[in-house]
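Working notes for the structure below.
In this chain, residues are counted from 1 in sequence order. None of the values given here were measured: they were computed from a predicted structure.
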Amino acid sequence: MQFSYHSVVLSLGSNCGDRTGNVSKAMEWLKETVLSEAECSSIYETAPIGHSGGKYINAVVSGSYSGMLDSLEKECKEYELAHGRDAESRIFNRVPVDIDIVIADEKIIRPRDFRCSFFQEGFKQLMIGSKFDLKVSKLP
């Protein structure tokens, strides 16, 4: 089976435990084993949106993925589960680590996340002087 390359931009977040460590480890995992040509924003803190859980540590990672986008989504959700993001943590708004594909092949696939400050802060860092020419000005 031949795989195609996909340009992707992912949002990472954590609101419990070692928040900075959780996001840093997820960034390293993406850079070292999942994506090629990965670029990472800085790590920054944001307020929770839509619930009263703890503040988040966030980052944004962009890169190329060789494979089907469904496979990337599955890998990210498996990583989350392996690092504590289970049904119980979801009930109590505890997010050890969250990894979502927000943009794939220049298309916004998570418009709500794209609009939020937890994504925009890191996304803007990556787009300043970036080699990417993402045409994402029109939201679906």
Checking Glu88 now: which residues fulfil salt bridge (Lys or Arg N to Asp or Glu O under 4.0 Å) with it, not counting sequence neighbours? Arg94
Lys25: salt bridge (Lys or Arg N to Asp or Glu O under 4.0 Å) partners, not counting sequence neighbours: none
For the atom pair [atom1] ([X]) and [atom2] ([Y]), what is the distance rounded to the nearest 0.5 Å?
X     : Y     : atom1 : atom2 : answer
Ser89 : His83 : OG    : NE2   : 13.5 Å
Arg85 : Asn22 : CZ    : CG    : 11.5 Å
Lys74 : Met68 : NZ    : CE    : 10.5 Å

Under a 3.5 Å distance rule, please check whether [X] uses its side chain to pair with a backbone N or O of [Y] as donor and acceptor.
X      : Y      : result
Gln120 : Phe114 : yes
Asp98  : Leu12  : no
Ser64  : Ser7   : no
Lys77  : Ile99  : yes
Asn15  : Val95  : yes

Would you mind reporting whether [Y] and [X] have side-chain heavy atoms less than 4.5 Å apart?
X      : Y      : answer
Val23  : Tyr56  : no
Leu10  : Cys76  : yes
Ile103 : Phe119 : yes
Tyr65  : Ile101 : no

With salt bridge (Lys or Arg N to Asp or Glu O under 4.0 Å) as the rule and sequence neighbours excluded, what pairs involving residues 49-62 come up? none
Would you tell me whether Ser41 and Glu121 have side-chain atoms, one donor and one acceptor, within less than 3.5 Å of each other? no
Is there a donor-acceptor contact under 3.5 Å linking the side chains of Asn58 and Thr46? yes
Flag yes if Leu81 and Leu30 sit in one hydrophobic cluster, no otherwise; membership is Ile, Leu, Val, Met, Phe, Trp, Tyr, and two members link when side-chain heavy atoms are under 4.5 Å apart. no
